[in-house]
Amino acid sequence: MKFSDIQGQEGLKQRLAKTVDEGRVSHAQMFTGVAGSGALPLALAYVQYLNCTDRKDGDSCGVCPSCQKIAALQHPDVHFVMPVNKQGKKTGEAMVSDSFLNEWRVMFAKTGGWFDEQMWYDALGLDSLQGNISKKEADEVIRKLSFKSFEGGYKAVVVWLPERMNSEAANTLLKILEEPWDKTLFLLVSAEPRLLLPTILSRVQQTIVPADEFEAWRRLHPDEEGEVNEDFDLFIELMRLSYNDKHLELIKWAEKVATIGRERQKRLLEGFIRWVRASYMVNAGLENIAYLWGSEMDFCRKFAPFIDNRNVEALIAEMESALGQLRQNGNAGIVFTHFALAVSKMIVKK
Ligand SMILES: [Zn+2]
């Protein structure tokens, strides 16, 4: 990945290239940015620039053997660590990132590095489990870094979401952060640095990757705008039926939603939560931070009077509860029937 493959962040990309040009490469760094900010693609572009044998105009060449191997996530000196797990694993069995490199490469190829934690867990087929970074993984990192560089350039370890390390793993990796190794880069890419040990934070040089949260969301879901509109239609339908107390139609609505895919159902509920919050903000006079546009804004403006202090929390709690049941593989027909009838009680005619 070249810097030029990443849209925006021009000032930041120039600053990063300049530190490499001037030989100021700190051995322990952290890029910080919410999912969709591009912190992960930037980390990859930075490592590629660092090891490129033909840098030009503040960017890697993209064609030298080093660039090609890094872009394919196949460079022998560039290692990746990310939270991993396996559904149905044996008790006490520790997972390491190398076992999931194929899934990792596919994820990158599909998204260009623009993905979030949930998308990664979905790709690993995790329903009820989260990923984590184990002590075994940390030992593996130290073992890999103790080899000489294969290709003569920098050895790099990119740790995506270091906040998923347990404390044993974090303490093991602290040793590397404390003692710089020759031509070795340790690059953390964090979405929630507040979850990291202070001892880790104090040893890394931080680069903040700024992002507009709304832009970030759209980057993560570029192909889904059509579906998002359909989701929004389902939301409007649910709210209209609720408002008019149409119980039979509400049950039909639930049956219809029960037939769409599980991932889509989860996203639908996430959208509902966003729209209810936005309507509440509009009602509270905070329209400018509601992050809505076009028909969604029009509807939420009309709908806003029905969302207030008396029902906003209960509505969101109902949506989160349905989301939780879907994540636990609850029966979608039952979940949505209960959900639609519960919501209808909370939307009251005035
Ligand atoms: Zn190159």
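Indexing begins at 1, ligand by ligand and atom by atom, following the structure's order.
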List, by chain and then residue number, the residues other than I142 in its hydrophobic cluster (Ile/Leu/Val/Met/Phe/Trp/Tyr, side-chain heavy atoms under 4.5 Å); write none if there are no others. M30, V81, I133, V141, L145, V157, V159, M165, L173, L174, I176, L177, W181, F186, L188, L196, L197, I200, L201, V204
Which residues satisfy the ring-ring contact (aromatic ring centres under 6.0 Å, His included) test with Y154, sequence neighbours excluded? none
F115 vs W104 aromatic rings, parallel, tilted or perpendicular, using cut-offs 30° and 60°? perpendicular
Within the 6.0 Å centroid threshold, strictly below: F80 and W160: no
May I have the list of side-chain donor-acceptor pairs in residues 332-345 shorter than 3.5 Å, sequence neighbours left out?
| unit_1 | atom_1 | unit_2 | atom_2 | d |
| --- | --- | --- | --- | --- |
| T337 | OG1 | G333 | O | 2.7 |
| H338 | NE2 | E318 | OE2 | 3.3 |
| S344 | OG | L341 | O | 2.9 |

Please report the number of protein N, O or S atoms that lie less than 2.8 Å from the Zn ion (ligand 1). 4
Centroid-centroid distance, Y243 to F303, less than 6.0 Å: no
